[in-house]
Amino acid sequence: MSSKINGHVSPQPCPHLLVFRSRNGPKPFRALQDCIRVKPPGGRAAIRREPTEVPRCGTCEESSRSRLYACVACAAVFCHAPLLHSHASDHSLSIPGHEIAVDVDRAELFCCACGDQVYDRDFDAAVVLAQTVNATATTSTSGSTAMQCSVAGSQPENLRKRRRVDYRPWEPDSGEHISRGNQSIPLLDAANASLVSSTQQPWGLRGLNNLGNTCFMNSILQALLHTPPLRNYFLGDRHNRYYCQQKNGAINGTKNSRLCLACDMDALFSAVFSGDRTPYSPAKFLYSWWQHAANLASYEQQDAHEFFISMLEGIHEKVEKDKRKFQSPAGSGDCCIAHRVFSGILRSDVMCMVCGFTSTTYDPCVDISLDLEPNQGGSGKSSSAKSLNSFNVEADCMRPNQNCGISTLKGCLERFTRAEKLGSDQKLFCQKCQVRQESLKQMSIRKLPLVSCFHVKRFEHSSIRKMSRKVDRYLQFPFSLDMAPYLSSSILRSRFGNRIFPFDGDEQDASNDLSTEFELFAVVTHSGRLDAGHYVTYLRLSNQWYKCDDAWITQVNESIVRAAQGYMMFYVQKVLYYKESENQGTS
């Protein structure tokens with residue numbers, strides 16, 4: 001049976017966990033309490049019989065697989081790799097009643113039959129208490145065994161609402177109060193603004209807690225929270241979540257409507273820009289996104305780019321149902337805030353190489369996916385990734401005998417807008433010749449968005465070889481970018497020269513209303529392997545760069561950002577132009 005929590009329908013509990021609890025009660029979980037180890041200070045909990053134990057799979061003896069799980073019923077350890085073979089699942093199928101296991105590195109319950117994390121209040125309370133006791137004990141002793149005697153007498157009912165990690169804010173003593181009063185100045189004092197310490201973090205810079213493999217979400221949210229047009233929209237109360245919920249009957253429960261991602265973004269902006277510096281847990285936003293992307297609703301690592309696209313679609317989906325959608329279609333970029341900020345228009349010209357007939361199509365886009373430039377020759381188009389000799393520039397380029405090719409963002413854009421001859425197996429039908437002919441295809445940008453997002457194709461998937469790999473090649477990206485050479489007007493002018501060529505209506509006007517100069521303000525990076533990597537975001541605020549690594553915010557040098565392995569780059573126009581409202585009266 002499903003239940004309602006705060007007006008929302010919660011998913012059904014795991015049936016295997018319910019059966020396990022009915023048969024065994026809380027005894028197996030209490031037996032695990034002595035094995036809970038917490039890395040000081042306030043680190044993540046793990047399951048170890050001995051502090052120095054290195055767990056290994058009981059079947060393959062591997063210790064470096066994606067996940068290792070200990071069976072709660074028999075304490076046997078098995079590996080679980082979703083894309084490969086799972087010995088944990090084999091164990092649960094061979095012995096009934098052994099479906100529930102615990103992640104030895106994360107101290108999280110896992111159902112091997114369902115293939116997903118499960119929640120138990122008693123077990124979760126024991127883990128939270130162990131972390132709390134450890135955080136307190138580390139201030140007076142370095143031992144980690146003192147917390148074991150306190151776990152057995154825990155009261156789960158009083159701890160079920162506590163966070164996994166207890167963040168303790170700094171409180172000044174009497175001496176620090178006096179020092180702070182004598183040496184500090186008002187933050188918003190315009191006369192003394194230049195005297196504010198350079199170490200003062202900008203307003204709205206707040207860490208986001210990792211809720212279990214959610215670094216992909218945190219990295220994108222950090223970039224969106226500091227996207228200037230998006231930030232101004234939500235902080236200007238252009239989308240009021242309380243009004244939206246009342247309008248849709250979500251507060252009184254009069255409608256069974258899906259959650260509004262724009263409302264959750266409004267709540268997220270309010271929390272991040274509230275002035276509170278302690279890390280924030282975007283759990284409600286994660287739950288709402290799961291409702292919009294049910295196929296991605298799990299605690300497995302997801303692709304940050306896929307989350308970015310899915311999130312913008314979720315915001316658009318809510319607005320699309322409004323009656324005004326017929327006046328502002330998605331292709332115009334004015335249907336919702338997501339498209340007003342990120343939506344641009346691509347132009348595709350396909351020219352017959354026999355008669356010269358050109359077919360032109362326009363497609364809206366919220367980002368541009370780019371292939372890395374190949375190390376050697378080749379003029380392949382970006383529709384299929386053909387990057388060669390993948391390497392990790394941060395490690396391998398330090399070796400004197402390593403030959404490292406360097407790709408540039410401008411080179412990738414030139415490759416994206418370069419004319420490409422389609423192969424003989426890709427002949428297209430020519431309306432003039434009335435037969436299939438070899439063609440020449442060229443992409444260009446007809447309309448620039450306010451914020452340009454560039455996605456670098458670093459993950460390659462081969463359906464023939466049935467394998468995937470990550471391309472670790474270094475990409476050099478500029479902090480300032482002029483998009484004029486990649487506009488349709490520039491591409492057509494370079495192709496036709498001084499000859500008369502069609503602009504298809506307002507081709508020139510489409511680019512004149514907006515600035516072509518862009519500034520980099522966010523870089524999302526990916527490190528590690530394809531199946532077990534980590535996402536980090538670098539933000540540029542007040543001409544200073546900050547590294548957002550989940551809950552941790554640190555100030556970094558510009559050279560660190562330039563050396564980062566960029567996966568997604570966000571550029572905003574240097575100058576924003578505002579159109580006068582058409583229905584505004586003239587004086």
Side-chain angles (χ1 to χ4, degrees), residues 1-3 5 9-37 44-49 53-128 130 151 154 156 159-160 164 211-214 286-287 290 294-302 531-532:
M1 295 292 292
S2 60
S3 59
I5 301 177
V9 178
S10 62
Q12 294 182 353
C14 173
H16 307 97
L17 180 60
L18 295 178
V19 173
F20 183 86
R21 286 293 303 249
S22 64
R23 291 179 179 177
N24 304 281
K27 292 182 180 180
F29 298 131
R30 292 175 182 173
L32 287 172
Q33 291 175 354
D34 293 336
C35 301
I36 298 177
R37 317 285 178 183
R44 175 176 288 167
I47 301 296
R48 297 289 191 276
R49 282 172 290 217
E53 178 187 8
V54 179
R56 298 179 182 275
C57 175
T59 302
C60 62
E61 297 293 334
E62 287 284 342
S63 61
S64 60
R65 300 297 291 271
S66 298
R67 289 286 183 271
L68 290 176
Y69 293 98
C71 178
V72 177
C74 65
V77 178
F78 296 98
C79 63
H80 174 75
L83 300 179
L84 302 175
H85 196 72
S86 174
H87 295 135
S89 299
D90 294 344
H91 175 70
S92 65
L93 294 175
S94 61
I95 308 177
H98 288 235
E99 294 86 1
I100 306 301
V102 59
D103 191 325
V104 299
D105 292 322
R106 296 174 178 266
E108 297 174 350
L109 287 182
F110 182 82
C111 178
C112 299
C114 298
D116 203 353
Q117 274 81 6
V118 294
Y119 175 79
D120 181 82
R121 188 178 64 183
D122 295 340
F123 178 78
D124 196 63
V127 174
V128 173
V151 177
S154 62
L159 295 172
R160 62 179 180 270
R164 285 291 183 92
L211 306 178
N213 287 331
T214 58
L286 176 64
Y287 176 77
W290 279 352
N295 60 317
L296 302 175
S298 71
Y299 285 100
E300 297 290 339
Q301 179 71 273
Q302 304 293 343
D531 57 341

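Here the structure is a predicted model, which means the values were calculated and not measured.
- Rounded to the nearest 0.5 angstrom, Ser89 OG and Phe110 CZ are separated by 6.5 Å.
- A 4.5 Å side-chain heavy-atom check between His80 and Cys112 finds every atom pair outside the cut-off.
- Closest heavy-atom contact between Val102 and Val72: N-CG2, 4.2 Å.
- For the pair Arg48/Val104, a side-chain contact is recorded, criterion being any heavy-atom separation below 4.5 Å from C-beta on.
- Note that the NE2 atom of His98 and the CG atom of Leu93 stand 12.5 Å from one another [nearest 0.5 Å].
- Considering only heavy atoms from C-beta on, Val77 stays 4.5 Å or farther from Cys57 through its side chain.
- With rounding to the nearest 0.5 angstrom, the OH atom of Tyr69 is 12.0 Å from the CD1 atom of Ile100.
- Asp90 meets the side chain to side chain donor-acceptor pair (under 3.5 Å) test with His85; sequence neighbours excluded.
- Residues passing the ring pair (Phe, Tyr, Trp, His ring centres under 6.0 Å) test with Phe78 are His91, sequence neighbours excluded.
- Across all non-hydrogen atoms, the minimal contact from Ala73 to Phe20 is CB-CE1, 4.2 Å.
- Going from atom NE2 of His87 over to atom CG of Leu68 covers 11.5 Å, rounded to the nearest 0.5 Å.
- A pairwise comparison of heavy atoms in Cys60 and Cys79 identifies SG-SG, 3.8 Å as the closest pair.
- Distance check: Arg67 CZ to Asn213 CG gives 5.0 Å after rounding to the nearest 0.5 Å.
- Minimum interatomic distance between Ser94 and Pro96 (heavy atoms only, all atoms of both residues): O-CD, 3.8 Å.
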